[in-house]
Amino acid sequence: MLQKREKVLLLRTFQGRTLRIVREHYLRPSVPCNSPLCPQPATCRNDGKLLSSEVTHYMIPDWKVVQDYLEILEFPELKGIIFMQTACQTVQHQRGRRQYNKLRNLLRDARHDCILFANEFQQFCYLPRERGESMEKWQTRSIYNAAVWYYHHCQDRMPIVMVTEDEEAIQQYGSETEGVFVISFKNYLDNFWPDLKAARELCDSILQSRRERENESQESHGKEYAEHLPLEVLEAGIKSGRYIQGILNVNKHRAQIEAFVRLQGASCKDSGLASDILIHGMKARNRSIHGDVVVVELLPKNEWKGRTTALCENDSDDKASGDPPSEPMPTGRVVGILQKNWRDYVVTFPSKEEVQSQGKNAQKILVTPWDYRIPKIRISTQQAETLQDFRVVVRIDSWESTSVYPNGHFVRVLGRIGDLEGEIATILVENSISVVPFSEAQMCEMPVNTPGNPWKVSPEEERERQDLRKTHLVFSIDPKGCEDVDDTLSVRTLDNGHLELGVHIADVTHFVAPNSYIDIEARTRATTYYLADRRYDMLPSKLSADLCSLLGGVDRYAVSVIWELDKTSYEIKKVWYGRTIIRSAYKLFYEAAQELLDGNFNIVNDIPEFRDLDEKTRQARLEELAWAIGKLTDIARHVRAKRDCCGALELEGVEVRVQLDEKKNIHDLIPKQPLEVHETVAECMILANHWVAKKIWESFPHQALLRQHPPPHQEFFSELRECAKAKGFFIDTRSNKTLADSLDNANDPNDPIVNRLLRSMATQAMSNALYFSTGSCAEEEFHHYGLALDKYTHFTSPIRRYSDIIVHRLLMAAIAKDKKMEIKDNLFSNKDLEELCRHINNRNRAAQHSQKQSTELFQCMYFKDKDPENEERCISDGVIYSIRTNGVLLFIPRFGIKGAAYLKNKDGLVISCGPDGRSEWKPGSLQRFQNKITSTTTGGESVTFHLFDHVTVRISVQASRCHSDTIRLEIISSKPYMSPDTELFHQSSLLLKSDLVKEVTRSVEEAQLAQEVKVNVIQEDYQKYCQTKGRSLYMLLEEIRDLALLDVSNSYGM
Ligand SMILES: [Zn+2]
């Protein structure tokens, strides 16, 4: 029987109106207690995770302890923790989604001995709030009451320690109930966990920062910022349209001044605003931090401001900002924060001299975050001097209205400033990528495969699966040196004359059971991370490079999609999905496959599978394989032509491919003109992804994981159109079809870079492709714009993408459903799947950002400490691809670098070029036109730079202590660069990018050898952070088209 309770909240709004908010909830006689000591487990329905029976006591943290010390409660050494619902809810309301999700993950994590107790739904635990009782007191009282109930429920057999920060509660409840102890958290750690040094230190650090905060708010009277409005007022205001909700996005080039709020949820449709809202200045930002979900009030129109259009550098006292801002746009101020998205931040401590100048509050230090968008943070520490040469992780605790800066505490040291490993660790933390080695518990789930005890196909699986080993010629085509083969192909003629095409994908979900340790880890990582010089795998190499990898000549489990096609029209007659056993006959690399396709059979000596055959067999097999590749290519051409009719896009970025040798060194880059066989493989994968998407959506219309690519905003195309016009091309952006066609036509026969830049601009105008749950949006929104398909998903790379693992499980469930069999795995509900999609999308962005940032790190290391005046590498050709009021944006084809070059320097001088093109700085002025910019000196000389002009550029590095170094570009001549080896210009820019990574890595290693002490540190770091040590600038073939849709390098302070 359920009893209904009502919680009534009375709130006063701004205008003095009173809002009455009623929340209902239902009480039950029993809720799961999840204790192994439970006297009636059936009544309690304890079917989830249970507390360990190996503990001496249960620990119940009070709400404030959960809020402030969650990172300590996460220590796996702490066992027997009961989180009360009351405490969890305050975390949700006070600390935001990120923190709340951390708590939920902790509760789900089988390795961590803790449970949730829904005390507010338990009829004997629930306490109504008394008149005049504060929320805080009521929460503590509720938790204590539940602790006492729990103690008696377990028949007084397990002592309970309630941990609270409330002194009064310790006094009042400390000796009230025998067996239920109430003490402070510090007291708890000191007495129960004297050996857990790390936890106790972290506790001290948090306590100290809090004490100082309290002292300070007593001292200071002046308010720096307006108070935030209460949650209920914010919610009511959003509903009524008075306030607008969105995500705060700080402009990293003007972090002190400019932030934008991108509208979210209902605000997006209802506000009638077409653009973002500008938040001008720190006061109006009102303590919100980049990424927070904020509530904004619009200012009256006469107070609106424009965004800055000039190029600018990152220092705040920027002299170049005398330019008039653009037209006024909706401008507002933050009145409250709905969700704080605080994360771990990497910071740099001030140098010794700076500390001294910070003066009187010497143990309170202002540290500078690596991310420009995050404000300085105040840290209480006595270690400022020892930490000054290191990158350090801190967390923000609070930001009071009385304080200019947020307060935070020190967490850990990452590494020395400027060291490769320290900088890579910085990039990882900044993208919230955690890649500790796989644990013993996770590795224990791996199947055995040793020389003495090799893995074999099991008889049960042999019965269940379609066996293709004797009937199908299966082979893979991958980059040279690829270890993790996700996908293989087959094609043959059937007895009825039809063709049969097969795509066979590694059966990862056979080895990775839902909610196993490995599954949870893979879900958390969501993807394999590829940095410029290394990668972090999503799955242990035992699976990714061995048992799941569809290597040649060994039996492997696969999930197959097999189509029957008409032999001439290639029309699809039938499709079959299911689990199979395959043995791949050939593990081909792209060049070899292309040679076979071209009828050049000399390549056969490079294919190991052909080596030990007699001439006759070899010839027969060769012909068989060449026929298959040819047939596949024919089919792919046909499928591609069909998509092309619907407007599939080919965008810049497609040709990024890297080849590795056996030792995983970058061996070579695949030539810029992609081989047709790349297309063949990619097209087959797109086809499989498309058909699997249709299948899982038909079977589970409200809970299938698909991938959408929304059409781009037309206004983002205006720059592309203008640029093309400058070269006399017309870009029709009305549909993906017209865009694709007009991009194909926009080709300057004298300069291939023009087309490349236009495609790259089109890419930047695109929205990102995203995963979503089909229950969360209307069918017409499923469309994939870039691929011109109505339904699309990711199925073909389960070794390196978690989305594909989910899709495999959905496909298996769909097959079971067709056969009217029981669906074994629990599928995600629409809501849970949507949340998972958000997580995976977020991790993909992190993967892309970290890849880009690590590439930039290598670029800077390549040019750092080189003399830009004399070194050959520092001078290069550059192409202008955008005009700004005080400079131009340049693309350096040789290194693949994009960046800004100023035409007006800090002293207000402008560029002037003599007859030979050489530049100098002179007094004068700039005049910007649509497609060109002219610099005129007071002496009357003038020079004009047009879009797509080639100029000579000097590349140097602007070093920064607190942030990443950046590449600086300077136009040294208005003429194109004539290098001794001009043909470089026509080669792939990335050819040199890979050399660049190699050279930097080598010089870093040499430097390490010179300092033996350092080497140990580095190796330790490797163990800590890397699963695979290798230089793999490796990118995924079948995803390239899709990946190219996101270019994160799009802003230079525009
Ligand atoms: Zn129970």
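Counting from 1, the numbers follow the sequence of the chain as shown.
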Practice task
Apply side chain to side chain contact (heavy atoms under 4.5 Å, CB included) to Glu698 and list each qualifying residue two or more places apart in sequence or on a separate chain.
Solution key: Lys694
Handout entry: Salt bridge present between Arg637 and Glu683 (N-O < 4.0 angstrom)
Key = no
Exercise for the section: May I ask you to check whether over 12 heavy atoms, not counting those of Lys831, lie within 6.0 Å of atom NZ? Expected result: no
Problem - Pairwise side-chain contact, Trp691 with Val503, heavy-atom cut-off 4.5 Å (strictly under) - result: no
Problem - Check: Ile799 main-chain N/O paired with Asp486 side-chain donor or acceptor under 3.5 Å - result: yes
Exercise for the section: With the side chain counted from C-beta on, respond yes when Asn249 and His290 share a heavy-atom pair under 4.5 Å apart, and no when they do not. Expected result: yes
Practice task
Using atom types as modelled and distance alone, determine if a side-chain donor or acceptor of Lys817 lies under 3.5 Å from a backbone N or O of Ser699.
Solution key: yes
Problem - With sequence neighbours excluded, residues passing side-chain hydrogen bond (donor to acceptor under 3.5 Å, both in side chains) with His783 - result: none
Practice task
Determine, step by step, whether Val559 and Phe795 satisfy the side-chain contact (heavy atoms from CB on, under 4.5 Å) criterion, reporting the C-alpha distance in whole Å, the side-chain angles of both residues, the deciding distance to 0.1 Å, and the verdict.
Solution key: CA-CA 10 Å; Val559 178; Phe795 161 74; 3.9 Å; yes
Fill in the blank from the handout: Rounded to the nearest 0.5 angstrom, the SG-CG distance for Cys684 and Asn689 is 11.0 Å
Handout entry: Any donor-acceptor pair under 3.5 Å from Asp371 side chain to Arg373 backbone
Key = yes
Practice task
Determine, for Arg759 against Asp744, whether the closest basic-nitrogen to carboxylate-oxygen distance falls under 4.0 angstrom.
Solution key: yes
Handout entry: Atom pair CD1 (Ile840) and CD (Glu835), whose distance is rounded to the nearest 0.5 Å
Key = 11.5 Å
Handout entry: With sequence neighbours excluded, residues passing salt bridge (Lys or Arg N to Asp or Glu O under 4.0 Å) with Asp507
Key = Arg465, Arg579
Handout entry: All ring-ring contact (aromatic ring centres under 6.0 Å, His included) counterparts of Phe772, not counting sequence neighbours
Key = Phe782
Problem - Whether Ser882 side chain and Leu889 backbone form a donor-acceptor pair below 3.5 Å - result: no
Practice task
Could you go through the side chain to side chain donor-acceptor pair (under 3.5 Å) check for Asn830 and Ser773 one step at a time?
Solution key: CA-CA 6 Å; Asn830 173 49; Ser773 166; 2.5 Å; yes
Handout entry: Gly786 backbone acceptor or donor facing His709 side chain under 3.5 Å
Key = yes
Practice task
May I have the step-by-step check of side chain to side chain donor-acceptor pair (under 3.5 Å) for Asn251 and Tyr372, ending in yes or no?
Solution key: CA-CA 9 Å; Asn251 178 353; Tyr372 284 100; over 6 Å; no
Practice task
State, with a plain yes or no, whether a side-chain heavy atom of Arg707 is found less than 4.5 Å away from one of Val807.
Solution key: no
Completion exercise
To the nearest 0.5 Å, atom CG of Leu770 lies from atom CG of Leu706 at 12.5 Å
Handout entry: Results of side-chain hydrogen bond (donor to acceptor under 3.5 Å, both in side chains) for Glu564 - residues two or more places apart only
Key = Asn496, His498
Handout entry: Salt bridge present between Glu483 and Arg800 (N-O < 4.0 angstrom)
Key = no
Exercise for the section: Just jot down the ring-ring contact (aromatic ring centres under 6.0 Å, His included) partners of His638, sequence neighbours excluded, or say none. Expected result: Tyr570
Completion exercise
So CG of Leu811 and CD1 of Ile806: to nearest 0.5 Å the spacing works out to 13.0 Å
Problem - Between Thr528 and Arg535, a side-chain donor and acceptor under 3.5 Å - result: no
Practice task
May I ask you to test the Ser476-Leu550 pair for a side-chain heavy-atom distance under 4.5 Å?
Solution key: no
Problem - Residue pair Pro712 / Tyr785, side-chain heavy-atom distance below 4.5 Å - result: yes
Practice task
Spell out, as yes or no, whether a donor-acceptor pair under 3.5 Å connects the side chain of Thr680 to the backbone of Ala636.
Solution key: no
Problem - Partners passing ring-ring contact (aromatic ring centres under 6.0 Å, His included) against Phe717 (at least two apart in sequence or in another chain) - result: none
Problem - Ile433 backbone acceptor or donor facing Asn431 side chain under 3.5 Å - result: no
Problem - Tyr529 backbone acceptor or donor facing Gln851 side chain under 3.5 Å - result: no
Exercise for the section: Kindly write out the residues that satisfy side chain to side chain contact (heavy atoms under 4.5 Å, CB included) with Glu521, not counting sequence neighbours, or none if the list is empty. Expected result: Arg111, Phe438, Gln442, Arg525
Handout entry: Any residue meeting side-chain hydrogen bond (donor to acceptor under 3.5 Å, both in side chains) with Ser803, in chain and number order, not counting sequence neighbours
Key = Tyr771
Completion exercise
Hits for side chain to side chain contact (heavy atoms under 4.5 Å, CB included) against Arg262, two or more places apart or cross-chain, chain-then-number order -> Asp276
Handout entry: With sequence neighbours excluded, residues passing side-chain hydrogen bond (donor to acceptor under 3.5 Å, both in side chains) with Ser560
Key = His504, Thr580
Exercise for the section: Check for a donor-acceptor pair, side chain of Thr793 on one end and backbone N or O of Leu705 on the other, with a separation under 3.5 Å. Expected result: yes
Handout entry: Heavy-atom check, side chain of Val681 versus side chain of Leu489, under 4.5 Å
Key = yes
Exercise for the section: Go through the structure and list residues passing side chain to side chain contact (heavy atoms under 4.5 Å, CB included) with Ala259, not counting sequence neighbours. Expected result: Leu248, Val250, Ile279, Arg285
Completion exercise
Interatomic distance, CG@Leu743 vs CZ@Phe729, rounded to 0.5 Å, equals 11.0 Å
Handout entry: Heavy-atom side-chain contact between Leu758 and Leu720 under 4.5 Å
Key = yes
Exercise for the section: Any chance you could measure Leu827, atom CG, to Phe700, atom CZ, to the nearest 0.5 Å? Expected result: 5.0 Å
Practice task
Mind running side-chain contact (heavy atoms from CB on, under 4.5 Å) on Asn101 and His839 for me, showing each step along the way?
Solution key: CA-CA 11 Å; Asn101 282 345; His839 166 71; over 6 Å; no
Handout entry: Side chain proximity check, Ile686 to Leu789, heavy atoms < 4.5 angstrom
Key = yes
Exercise for the section: Look only at the side chain of His690 and the backbone of Lys791, and say whether a donor-acceptor pair between them is shorter than 3.5 Å. Expected result: yes
Practice task
For the residue pair Glu676 and Thr633, confirm or rule out a side-chain donor-acceptor distance under 3.5 Å.
Solution key: no
